Amino acid sequence: MVKEVRVRFAPSPTGYLHVGGARTALFNWLFARRHGGKFILRIEDTDFARSSDVMAEGILQGLHWLGLNWDEGPYFQSRRLQHYRSFADRLLEEGRAYRCFCKLDDNADRKSEQLTKAPQDDIRHECPDFAAEDSERRAGSGEPFAIRFKVPNDKTSFKDLVFGEIEVDNKTLEDFVLIRSDGIPTYHLVVVADDMDMGITHVIRGADHISNTPKQVLLYQAAGSPLPEFAHLPLILGPDKQRLSKRHGATSVMAYAEMGYLPDAFFNFLSLLGWSPGDDRELLNRKELIELFSLKGVGKANAVFGLEKLDWFNSQYLRNASIDKLRELALKELQTAGIEVFEVESLDSRLELLRVRARKSNDFSTIFKAFFSDDFDYDPAAGEKFFEDPKLKELIPALHSLYLESEEFTLESTEKTLRRLAEQKEVKAGLLINAVRVALTGQKVAPGLFEVMLVLGRQRTIERLERLGRYLNSLPEK
RNA sequence: GUCCCCAUCGUCUAGACGGCCUAGGACACCGCGCUUUCAAUGCGGCAACACGGGUUCGAAUCCCGUUGGGGACGCCA
């Protein structure tokens, strides 16, 4: 019997769930589902200063939105502090770690210093590894200390399922801190302790953790524990190939939810960032994705997060959504926008007309507002372009009365009526069509005009023509 | 600066064993058709193996170097 696959997503609640984190969570989820394993959620909140419950909540919300349900957790590291202490104490006893009595301030600016400092071969921590008795004595006297791991003089390597064999000389590793002087464990210690405790079989995370991995490998070895499999995912960059940041616009997953992207579309799009099924398929639902997912399909090169294709995916999902789903989406969007929808009973026919044209669900409350509410404005640019002709002042009322009086109101009849009028008045049908389009939809682009009429109904069509008539008359003479 | 990693169209990518690649698909873009507009759709087009050396009968695929990019170097995660 093969060991059950157990993977985890371990965000730190110091920010929202961002695109990169979501992709990591997504791959972990896919991998777990593919292998019938467990997807575990763990909140890495040992940085008390920067962590917050609000952020943790936001991350959970983002995962929910994407449909990334977890099987265990969320575990909060802040509630497991005792656990980590004993791990560190054991390393201390075994002489694999030592107390560091350096003053905190001495190290505060270490980072900036390091970047400007001349190259140095050995970046090993300067704090002496005191003799055991000495160390005990100082600790006993209440002197504050941190616990550092004693990096052995050797080389450390591990196999990465994506990047292959990676080896570093331990000389390039500092004696990193395991327990801070305030007693709180650091990242390296807690990840390893938890991953061991939770029986994580595959550590799937961003490539920014590659250079952290040797330190963690050392910890596994010190603990005498077998290594999990590691799989590092290439990073997601902004269009300028720089690390994705607020400069690039929205990086929070929930921001995409608010912009009107569908979770399924976002899910699909994200799945293809850094991974490929190996063939040309792109529109893949969750079930297919689960079946197809493999770490072998993960590429090594960083990927740029580009919005055009996301938009395309979204429009595809909008187009293919069931009418029930579409209605739910539109209603929700219109509600949040504070738009009161007329004739909800006949909503579906309008949605069917719009679905191929919609790119985001926000479109329903913006460019397609006139299909749901009588309270809409003419797009100024559209008016400028199509209301110019003075003949319209006569034509629109004429059309209005024709529609009012005609017996039928069908696709054919409405078109015939309009075209005949244009012919009689010796104007191009386009003149009327364009103006009427703006009258009915407020926009210069819309679905086929006569379909729009039908879907709005005779009554509304007439009312809107009337409205345009009044509007034209209110316009100052040229 | 040091260490690690990466490198196919503008973007996402296909490309197990080197020959099936005059490098495929998708998005975007540009034409044409359809058409009352836009979208959709049909057809067509533009567009890449970073560079230089090897290895080989043969390299996008292997090796080395160069250049470029990214990541990591915290008592952050």
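These numbers were taken from a predicted model, which means no experiment stands behind them. Labels below follow one simple rule: chain letters A, B, ... track the order of the sequence lines, proteins then strands, and each chain is numbered from 1.
Picking from rU36(B), rC5(B), rA7(B) the nucleotide with the shortest atom distance to the side chain of Ala301(A) gives rA7(B). With distances taken from any side-chain atom of Ile166(A) to the nucleotides rC5(B), rA72(B), rC6(B), the minimum falls on rC5(B). For Arg148(A), the listed nucleotide lying nearest its side chain is rC75(B); candidates were rC75(B), rA14(B), rA77(B). Comparing rG70(B), rA77(B), rU37(B) by their closest approach to the side chain of Val445(A) singles out rU37(B). Side-chain proximity of Trp312(A) to the nucleotides rA26(B), rG70(B), rA77(B) is greatest for rA26(B). Of the candidate nucleotides rC6(B), rC12(B), rA77(B), rA77(B) has the atom lying nearest to any side-chain atom of Thr186(A). In this structure, the nucleotide among rU13(B), rA39(B), rA77(B) sitting nearest to the side chain of Ser276(A) is rU13(B). With rA77(B), rC76(B), rG25(B) as the candidates, the nucleotide lying closest to the side chain of Lys309(A) is rG25(B). The Asp280(A) side chain lies nearest to rG25(B) when the options are rC3(B), rU36(B), rG25(B).
Arg319(A) has a side-chain polar atom (N or O) that falls below the 4.0 Å cut-off from OP1 or OP2 of rU41(B). Between Lys241(A) and the phosphate of rG69(B), there is no side-chain N or O to OP1/OP2 separation shorter than 4.0 Å. Between Thr46(A) and the phosphate of rA77(B), there is a side-chain N or O to OP1/OP2 separation shorter than 4.0 Å. In this model, the phosphate group of rG71(B) is not approached by any side-chain N or O of Arg205(A) to a distance below 4.0 Å at OP1 or OP2. When the side-chain nitrogen and oxygen atoms of Arg359(A) are compared with OP1 and OP2 of rA28(B), one or more of them lie within a distance under 4.0 Å. At least one side-chain nitrogen or oxygen of Arg243(A) sits closer than 4.0 Å to the OP1 or OP2 atom of rA72(B).
Residue Phe450(A) is in base contact, counting any heavy-atom pair closer than 4.0 Å across all strands shown. Among the protein residues, Pro447(A) comes within range of the nucleic acid bases, having at least one heavy atom under 4.0 Å from a base atom. Gly278(A) comes within 4.0 angstrom of sugar-phosphate atoms only, judged by non-hydrogen atoms across all strands, and of no base. Within the nucleic acid shown, Leu272(A) comes within 4.0 Å of sugar-phosphate atoms alone, with no base atom in reach, counting heavy atoms only. Counting non-hydrogen atoms under 4.0 angstrom, Gly299(A) reaches nothing in the nucleic acid. Nucleic acid contact class of His209(A) (heavy atoms, under 4.0 Å, all strands): base. Among the heavy atoms of the strands lying under 4.0 Å from Ala146(A) is at least one base atom, whether or not backbone atoms are also near. Among the heavy atoms of the strands lying under 4.0 Å from Asn212(A) is at least one base atom, whether or not backbone atoms are also near. Ala446(A) comes within 4.0 angstrom of a base, heavy atoms only. At the heavy-atom level, Gln443(A) lies nowhere under 4.0 Å from the strands shown.
If you take CG of Asp208(A) and C1' of rC3(B), they are 16 Å apart, rounded to a whole angstrom. The nearest whole Å value for the distance from the CZ atom in Phe158(A) to the C1' atom in rC3(B) is 13 Å. When the P atom of rA39(B) is taken as reference, atom CZ of Phe371(A) falls 15 Å away, rounded to whole Å. Between Asn320(A) atom CG and rU41(B) atom P there is a gap of 11 Å when expressed in whole angstrom units. Atom-to-atom, CG of Leu284(A) to P of rA26(B) comes out at 15 Å; the value is rounded to the nearest Å. In this structure, CD of Glu451(A) is placed 12 Å from C1' of rA40(B), rounded to the nearest angstrom. Going from atom CZ of Phe313(A) over to atom P of rA28(B) covers 11 Å, rounded to whole Å.
Of the nucleotides present, none pairs with rA16(B) by Watson-Crick or G-U wobble criteria with both distances under 3.5 Å. Within the shown strands, rU2(B) is the pairing partner of rA72(B) under the Watson-Crick or G-U definition, both distances less than 3.5 Å. Pairing for rU22(B) is absent, with no Watson-Crick or G-U wobble pair whose two atom distances lie under 3.5 Å. The partner of rC34(B) is absent, by the rule that a Watson-Crick or G-U pair needs both atom distances under 3.5 Å. The nucleotide rA50(B) finds its pairing partner in rU66(B), both defining distances of the Watson-Crick or G-U wobble pair being shorter than 3.5 Å. With a 3.5 Å ceiling on both atom-pair distances, the Watson-Crick or G-U wobble partner of rC29(B) is rG45(B).
Side-chain N/O atoms of Arg419(A) and base N/O atoms of rU36(B) include no donor-acceptor pair closer than 3.5 Å. For a distance-only test at 3.5 Å, the side chain of Ser181(A) qualifies as a donor-acceptor partner of the base of rC75(B). Side-chain atoms of Lys300(A) and base atoms of rC6(B) include no donor and acceptor less than 3.5 Å apart. At a cut-off of 3.5 angstrom, counting only N and O atoms as typed in the model, there is a donor on one side and an acceptor on the other between the side-chain of Glu282(A) and the base of rG25(B).
In this structure, Arg42(A) forms no cation-pi arrangement with Phe76(A), as its terminal cationic atom is not both closer than 6.0 Å to the ring centre and no more than 45° off the ring axis. Note that Arg99(A) lies in the cation-pi zone of Phe145(A), set by a 6.0 Å cut-off to the ring centre and a 45° limit from the axis.
Taking the P atoms as reference points, rA28(B) lies 16 Å from rU11(B), given to the whole Å. Using P as the reference atom, rU8(B) and rG70(B) are 14 Å apart when rounded to the nearest Å. Separation of the P atoms belonging to rC43(B) and rG25(B) is 13 Å when rounded to the nearest angstrom. If you take atom C1' in rA60(B) and the same atom in rG1(B), they sit 34 Å apart, rounded to whole Å. Rounded to the nearest Å, the gap between the C1' atom of rG33(B) and that of rA39(B) is 16 Å. Only the P atoms considered, rG45(B) is 11 Å distant from rG24(B), to the nearest whole Å. Rounded to a whole angstrom, the distance from the P atom of rC27(B) to that of rG42(B) is 10 Å. Nucleotides rG18(B) and rG44(B) are separated by 34 Å at their C1' atoms, to the nearest Å.
Toward the 5′ end of RNA chain B lies the nearest nucleotide of Arg23(A), the other residue of the pair Glu308(A) and Arg23(A) mapping further downstream. In this structure, Ile210(A) and Gln242(A) both approach RNA chain B, and ranking their closest nucleotides by distance from the 5' end singles out Ile210(A).
Asn28(A) and His202(A) share no donor-acceptor pair across their side chains, judged by distance under 3.5 Å alone. Judged purely by distance below 3.5 Å, without hydrogens or angles, the side chains of Thr414(A) and Thr417(A) never pair a donor atom with an acceptor atom.
Checked for salt-bridge contact, Lys150(A) and Asp175(A) miss the test: no charged N lies under 4.0 Å from a carboxylate O. A salt bridge does not link Glu388(A) with Lys385(A): none of the charged nitrogens is closer than 4.0 Å to a carboxylate oxygen. Between Arg50(A) and Asp47(A) there is a salt bridge, with a side-chain nitrogen of the basic residue lying less than 4.0 Å from a carboxylate oxygen of the acidic one.
For Asp154(A) (side chain) and Asn170(A) (main-chain N/O), no donor-acceptor pair under 3.5 Å exists by modelled atom type. A donor-acceptor pair under 3.5 Å links the side-chain atoms of Ser361(A) to the main chain of Gly260(A), judged by distance alone.
Ring centers of Tyr98(A) and Phe149(A): at least 6.0 Å apart, outside the cut-off.
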